[in-house]
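Notes follow once the structure below has been shown.
Sequential numbering from 1 along the given sequence is applied to the chain's residues.
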Amino acid sequence: MEIAASIKGASKEYKTGDTVITALQPTTFDFRKKELTLIIGPSGSGKTTLLSLLGCVIFPTTGEVYIDNLLVNNLSDKELARVRLKNIGFVFQNFNLLAPLNALENVMHPLRLSGAGKKEAKIKAEEALKKVDMESRMKSLPKNLSGGQQQRVAIARALVTEPSIMLCDEPTASLDIKSVGIVMEELKMLSDSGKSVIVVTHDLRLKPFADRIIYVNNGIASDKPSEDEIFHN
């Protein structure tokens with residue numbers, strides 16, 4: 001299966017005064033297209049650090065990060081911004097929709113940022129909203145949509161630039177069980193269509209949707225759960 005992203009021996013440390021805090025120990029993983037990966041761990045475990053490395057939001061202290069076979073460690077800010085816009089779709093827990101814009105305008109936004117014309121952006125945004133079954137609410141403002149509907153608009157916005165990687169940070173944390181099922185079915189469908197979907201969560205309801213689970217605890221990422229997690233499950 002084709003690899004969408006790789007991290008090789010990647011770690012992240014932060015210095016505060018004389019103290020060094022290790023957010024993530026050296027970690028090596030490949031993330032494949034057509035795969036939905038869950039990154040599970042408690043708050044402060046390092047799972048968001050791992051997601052931020054994959055999202056090219058932070059650089060590793062050691063090791064390398066590859067997005068679509070491109071080494072991103074040494075890219076300029078401008079080149080990184082281009083990689084984020086073209087190759088990576090972001091879906092956040094609190095949706096991050098722009099309040100004054102309706103659903104269609106929100107989904108058009110990243111295309112307009114990347115220089116697409118208004119007509120082209122509108123056509124692509126309509127297609128993305130259809131994929132997540134939200135075409136009937138295109139003209140609705142975010143405040144008039146339920147949490148689950150807002151999250152599906154956010155998925156369409158992440159999808160519209162046709163990225164190979166979808167990074168989702170706690171996408172179901174504020175949703176009821178019915179909305180969780182709908183949103184995760186959408187994400188599973190996206191992975192089946194050829195994307196690498198990576199979901200950071202502490203929501204164990206998502207496990208049935210995963211092709212693969214990475215457990216992160218105390219900055220250590222592993223394919224196997226720690227004794228704590230086995231005990232609590």
Nearest non-hydrogen partners of Pro110 and Val160, listed with the distance
CG-CG1, 3.7 Å
Would you say that Leu38 contacts Leu36 through its side chain, given a criterion of any heavy-atom pair below 4.5 Å between the two side chains?
yes
Under 4.5 Å between any side-chain heavy atoms of Leu54 and Phe31, yes or no?
yes
Give the C-alpha distance, both sets of side-chain angles, the deciding distance and a yes or no for side chain to side chain contact (heavy atoms under 4.5 Å, CB included) between Val216 and Ile40.
CA-CA 6 Å; Val216 187; Ile40 290 182; over 6 Å; no
Quick check: do Met108 and Leu104 have side-chain heavy atoms less than 4.5 Å from each other?
yes
Can you tell me if Asn69 has over 12 outside heavy atoms packed within less than 6.0 Å of its CG?
no
For the pair Glu105 (side chain) and Asn102 (backbone), establish whether a donor and an acceptor sit closer than 3.5 Å, ignoring hydrogens and angles.
yes
Verify whether one side chain among Asp30 and Ser6 offers a donor that lies under 3.5 Å from an acceptor in the other.
yes
Supply the atom-to-atom distance Thr61 OG1 to Lys12 NZ, rounded to the nearest 0.5 angstrom.
4.5 Å
So, applying side chain to side chain contact (heavy atoms under 4.5 Å, CB included) with Thr27, which one of Thr49, Ile7, Ile220, Ile214 is it?
Ile7
Rounded to the nearest 0.5 Å, what's the gap from CD1 on Ile67 to CG on Leu80? Could you check?
9.5 Å
Ring of Phe90, cation from Arg157 - is the NZ or CZ under 6.0 Å from the centre and inside 45° of the axis?
no
Taking all non-hydrogen atoms of both residues, which atom of Lys47 and which atom of Glu170 are closest, and how far apart?
CE-OE2, 3.7 Å
Given side chains that start at C-beta, do those of Phe92 and Leu97 come closer than 4.5 Å, heavy atoms only?
no
Reference residue Glu13; test side chain to side chain contact (heavy atoms under 4.5 Å, CB included); the match among Leu24, Thr22, Thr62:
Thr22
The reported gap from CD in Glu64 to CG in Asn74 (rounded to nearest 0.5 angstrom) is 8.5 Å
Do the numbers put Lys207 on top of the ring of Phe209, so that NZ or CZ is under 6.0 Å from the six-membered ring centre and no more than 45° off the axis?
no
A quick test of your reading: do over 12 heavy atoms of other residues, nucleotides or ligands sit less than 6.0 Å from NZ of Lys33?
yes
For Ser11 and Pro26, work out which heavy atoms get closest and say how close.
CB-N, 3.6 Å
Residues, nucleotides or ligands: over 12 heavy atoms within 6.0 Å of Asn94 CG:
yes
For Asp68 and Ala5, indicate whether the former's side chain and the latter's backbone hold a donor-acceptor pair under 3.5 Å.
no
Residues Glu126 and Lys122 bridged, charged N to O under 4.0 Å
yes
I'd like to know if the side chain of Thr172 reaches the main chain of Val180, judged simply by a donor and an acceptor atom lying under 3.5 Å from each other, with no hydrogens or angles considered.
no
Just by distance, do the side chain of Gln151 and the backbone of Pro171 share a donor-acceptor pair under 3.5 Å?
yes
Ignoring hydrogens and geometry, is there a side-chain-to-backbone donor-acceptor pair from Asp169 to Gln93 under 3.5 Å?
no
Once rounded to the nearest 0.5 Å, what's the spacing between atom CZ of Arg82 and atom SG of Cys56?
13.0 Å
So Asn217 and Pro42, do their side chains get closer than 4.5 Å, heavy atoms only?
yes
Please name the pair of heavy atoms, one in Met138 and one in Leu129, separated by the smallest distance, quoted to 0.1 Å.
CG-CD1, 3.6 Å
Could you tell me which non-hydrogen atom of Val91 sits nearest to which non-hydrogen atom of Ala158, and how far apart they are?
CG2-CB, 3.7 Å
Tell me whether Glu127 is salt-bridged to Lys131, with the criterion being a basic N under 4.0 Å from an acidic carboxylate O.
no
With side chain to side chain contact (heavy atoms under 4.5 Å, CB included) as the criterion, how do Ile39 and Tyr215 come out once you've worked through the C-alpha distance, each side chain's angles and the decisive distance to 0.1 Å?
CA-CA 6 Å; Ile39 299 176; Tyr215 298 90; over 6 Å; no
Distance-minimising heavy-atom pair for Pro60 and Asn73
CG-ND2, 3.7 Å
Would you please test Phe29 and Arg212 for side chain to side chain contact (heavy atoms under 4.5 Å, CB included) and show each step?
CA-CA 12 Å; Phe29 278 109; Arg212 172 188 183 207; 3.1 Å; yes
Tell me whether Met134 shares a hydrophobic cluster with Leu98, the cluster being built from Ile, Leu, Val, Met, Phe, Trp, Tyr side chains joined at under 4.5 Å.
no
Tyr66 six-ring face occupied by Lys8 cation (under 6.0 Å, within 45°)
yes
Would you say Leu111 and Thr161 make side-chain contact, with heavy atoms under 4.5 Å?
yes
How long is the span from the CD1 atom in Ile155 to the CG atom in Asp133, to the nearest 0.5 Å?
12.0 Å
Please say yes or no: joined through hydrophobic side-chain contacts below 4.5 Å, possibly via intermediate residues, are Val153 and Leu113 part of one cluster?
no
Ion pair check, Lys188 and Asp211, cut-off under 4.0 Å:
yes
Using only atom types and a distance under 3.5 Å, with no angle test, would you say the side chain of Ser179 pairs donor to acceptor with the backbone of Leu175?
no
Whether the side chain of Arg152 engages the backbone of Glu186 through a donor-acceptor N/O pair (distance < 3.5 Å, no angle test) should be reported.
no
With a 4.5 Å cut-off on side-chain heavy-atom distances among I, L, V, M, F, W and Y, is there a chain of contacts connecting Leu75 to Leu167?
yes
Hey, is the main chain of Ala116 close enough, under 3.5 Å, to the side chain of Arg112 for a donor-acceptor pair?
yes
If hydrophobic clusters are built from ILVMFWY residues whose side chains come within less than 4.5 Å, do Phe59 and Val65 share one?
yes
About how many Å separate CE of Met166 and CG of Leu159, when rounded to the nearest 0.5 Å?
5.5 Å
Could you tell me whether Glu2 and Arg32 make a salt bridge, using a distance below 4.0 angstrom between a side-chain N and a carboxylate O?
no
Do the charged groups of Arg205 and Asp203 touch, with an N to O distance under 4.0 Å?
yes
Are Ile198 and Cys168 side-chain neighbours, meaning at least one heavy-atom pair lies under 4.5 Å?
no
Are Leu206 and Ile182 connected in a single hydrophobic cluster, I mean Ile/Leu/Val/Met/Phe/Trp/Tyr linked by side-chain heavy atoms less than 4.5 Å apart?
no
